[in-house]
Amino acid sequence: MAMYSTMQIAGVSPDSFTFLYVLKACSGLPAFETGWQVQGQIFRHGFHSDVLVQNSLVALYAKCGQIGYARMVFDGLYDRTVVSWTSIISGYAQNGEPSEALRIFSEMRTCNLKPDGIALVSVLRAYTDVEDVEQGKSVHSCVIKMGFEYEPDLLISLTTLYAKCGQVTVARSFFNQMEIPSVILWNAMISGYAKNGFAEEAVGLFREMISKDIRVDSITLSSAILACAQVGSLELARWMDDYVIKSDYRDDVFVKTALIDMYAKSGSVDLARIVFDRTLDKDVVVWSAMIMGYGLHGRGRDAIDLYYAMKQGSICPNDVTFVGLLTACTHSGLVDEGWELFHRMRDYGIEPRHQHYACVVDLLGRAGRLDQAYDFITNMPIEPGVSVWGALLSASKIYRHVTLGELAAEQLFLLDPHNTGHYVQLSNLYASARKWDQVGRVRLLMKEKGLSKDFGYSLIEIKGKLQAFRVGDKSHPKYKEIFKELEELERRLKEAGFVPHAESVLHDLNYEETEETLCNHSERLAIAYGLISTSPGTTLRITKNLRACVNCHAATKLISKLVNREIVVRDANRFHHFKDGFCSCGDYW
DNA sequence: CTAGGGTTAG
């Protein structure tokens, strides 16, 4: 742009090539004013009907997030080429409006214009974003018909389509077709695995890249870090961090954000904070990731403090920031603070989404304000969804409020009939209220519907290795020792006066539990194994895929005191730190 | 030398 000014001062007239170069140079600049300036120059020099220049301008506006201006330029074109259409289609896709992109694509087809490879890439992206595999497949057959099947660029698009829609095996077959996959193809595959819960595969592929000495970029790292976050091993997290520090992308803001999230999800909010403090030019996403991390660990006060520090730094919160704040408040019993923050959202022009409403119901519900929670739901401006009713059901379970629980369950069975979790929650609610006949009725209902309860398991990390334990698991080579330790623990717990609750009893549909002795079976095994496998003073880090129940909390608190160890338990939602008979979220349950 | 695309974070 500076060069262009110099040229003007020198009195040299620009031609269409000049503008193409100028526009290309501007695409990296975020300021759309640049596009505006360039457009003025284009008009002044009479290139407003040059289709090449105008196409370029459409793409530039779209990249700056100014899709409205892009559309204006596009609408002003009287001789549209495939490139013009592709520019506006990809523009809408890039700006989060894939449906509009697809609408324009069908409009293009009515003009009898044949899409080329690049046009199909843009259309595939739009179908990927709306997660419509079926329509994506029809584009795929179109790709085959046109003979673009082996084009590397289309291979990337197809890999992304199938990977993002959960068909990772299909995606992998495309990946395997390339003899020498480009970095983008590697990235598409790694992020596809990571986003669909195939964290091990994602990490494996990343390791393969390293071992083959293939150059990674910041996107590879971000995706691999996301995968590590899902694995949840602190040792793996440290290894990843170490790799990043030695790479060229140690200061990349995307990479940093992913690292903060990874450490928080791997159990160390303090290491997350260290990465956070070392991040320069923190944007709202970085702050939100850290706030979310505190929320995950029940450190609501720290989350709120960070929120004020963020505003001090003139960073404006967004919808995700509030999700983090609200969950942080919920996990630490800061009911009034959470309620207040929820009502501050509109001050920032943020319209609460389902997730925010669900957070508030959770916030009120866990504090025992069930009627207020229900009242809140009935006054919602949007139709309450699964997350909202789910939060009400779990709160009803905790406080044994059968009527509200049944009401929530009824909605959940309508909205989400095949989700086993809701039935289990309802059954546990009945169990907590000693309505054993109703417990049996729910079990029967589940059997009728052909639903089965997945076996819960807990994971424990010992020296970087994750070990899974299932209910009554005897497959471990050291199982005799583990069971012996477990007996010893139970004996000491009884001595200490631990009285188990007869709640949360539905673990196996074919087995009638009436009482649970300690915490969940799988978790007790993990703790027992941890006690015999780690040296005293080591923190025990346990991940479980079940919601923690009252028993787990009471028992784990007591165990941490008895054995004088810090025990960290992660359930589906968050971490609980137990130390000396104290839990990070207090007795707030 | 000549326009458009594909992979990242909370």
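Predicted model only: the values in this text are computed from it and were never measured. In the text below, chain A, chain B and the rest are named by the order of the sequence lines, each starting its count at 1.
Across B:dT8, B:dG4, B:dG6, the shortest atom-to-atom separation from the side chain of A:Ser157 is found for B:dG6. Closest to the A:Ser218 side chain, of the nucleotides B:dG10, B:dT8, B:dA3, is B:dT8. In the set B:dA3, B:dG10, B:dG6, the nucleotide with an atom closest to the side chain of A:Thr81 is B:dA3. For A:Lys195, the side-chain atoms get nearest to B:dT8 when compared with the rest of B:dT8, B:dG4, B:dA3. Ranking B:dG5, B:dG10, B:dA9 by closeness to the A:Val253 side chain, first place goes to B:dA9. Comparing B:dG10, B:dA3, B:dT7 by their closest approach to the side chain of A:Thr321 singles out B:dG10. Comparing atom distances between the A:Phe254 side chain and each of B:dT8, B:dG5, B:dG10 picks out B:dT8 as nearest.
Dashed line: the shortest gap from a side-chain N or O of A:Arg125 to OP1 or OP2 of B:dG5 is not under 4.0 Å. For the pair A:Lys164 and B:dT8, the criterion of a side-chain N or O lying under 4.0 Å from OP1 or OP2 is met. Between A:Gln94 and B:dG5 there is a side-chain N or O to OP1 or OP2 distance below 4.0 Å.
Using a cut-off of 4.0 Å between Lys/Arg side-chain N and Asp/Glu carboxylate O, A:Arg238 and A:Asp242 are scored as not salt-bridged.
Contact annotation for A:Asp319: no contact, since no heavy-atom pair falls under 4.0 Å across all strands. At a threshold of 4.0 angstrom between heavy atoms, the contacts of A:Asp252 with the nucleic acid are absent.
As a whole-Å value, the separation of A:Ile118 CD1 from B:dG4 C1' is 6 Å. At whole-Å resolution of the value, CG in A:Asp116 and C1' in B:dA3 are 11 Å apart. Rounded to whole angstrom, the span from the CE atom of A:Met310 across to the C1' atom of B:dG10 amounts to 11 Å. Protein atom CG of A:Asp217 is 8 Å distant from nucleotide atom C1' of B:dT8, rounded to whole Å. A:Asn95 has its CG atom 12 Å from the P atom of B:dG5, to the nearest Å. Rounding to whole angstrom units, CG of residue A:Asn55 and P of B:dG5 are separated by 11 Å. B:dG10 atom P lies 6 Å from atom NZ of A:Lys265, rounded to whole Å. Summarising the geometry, the separation between CD on A:Gln54 and P on B:dG4 is reported as 13 Å, rounded to the nearest angstrom.
For residues 292-315 of chain A, every residue pair satisfying the salt bridge (charged side-chain N to carboxylate O under 4.0 Å, His left out) rule, not counting sequence neighbours, is listed here: A:Asp270-A:Arg299, A:Arg299-A:Asp302, A:Arg301-A:Glu337. Applying the salt bridge (charged side-chain N to carboxylate O under 4.0 Å, His left out) definition to pairs two or more places apart or across chains, those involving residues 106-116 of chain A are A:Arg103-A:Glu107.
Heavy atoms only, all atoms of each residue included: A:Leu363 and A:Val335 are closest at CD2-O, 3.5 Å. Residues A:Ala258 and A:Ser222 approach most closely at CB-O, 4.2 Å, considering heavy atoms. Minimum heavy-atom separation, A:Ala272 to A:Ala264: CB-N, 3.9 Å.
The base of B:dG5 sits within donor-acceptor range of the side chain of A:Asp153, with an N or O pair under 3.5 Å. Residue-to-nucleotide contacts include no donor-acceptor pair under 3.5 Å from the side chain of A:Ser222 to the base of B:dA9.
Within residues 174-192 of chain A, the residues that have a heavy atom under 4.0 Å from DNA chain B are, in order of number, A:Ile184, A:Asn187, A:Ser191.
A:Glu200 CD: 12 or fewer foreign heavy atoms inside a 6.0 Å radius.
Between the side chains of A:Tyr294 and A:Arg273, at least one donor N or O lies within less than 3.5 Å of an accepting N or O.
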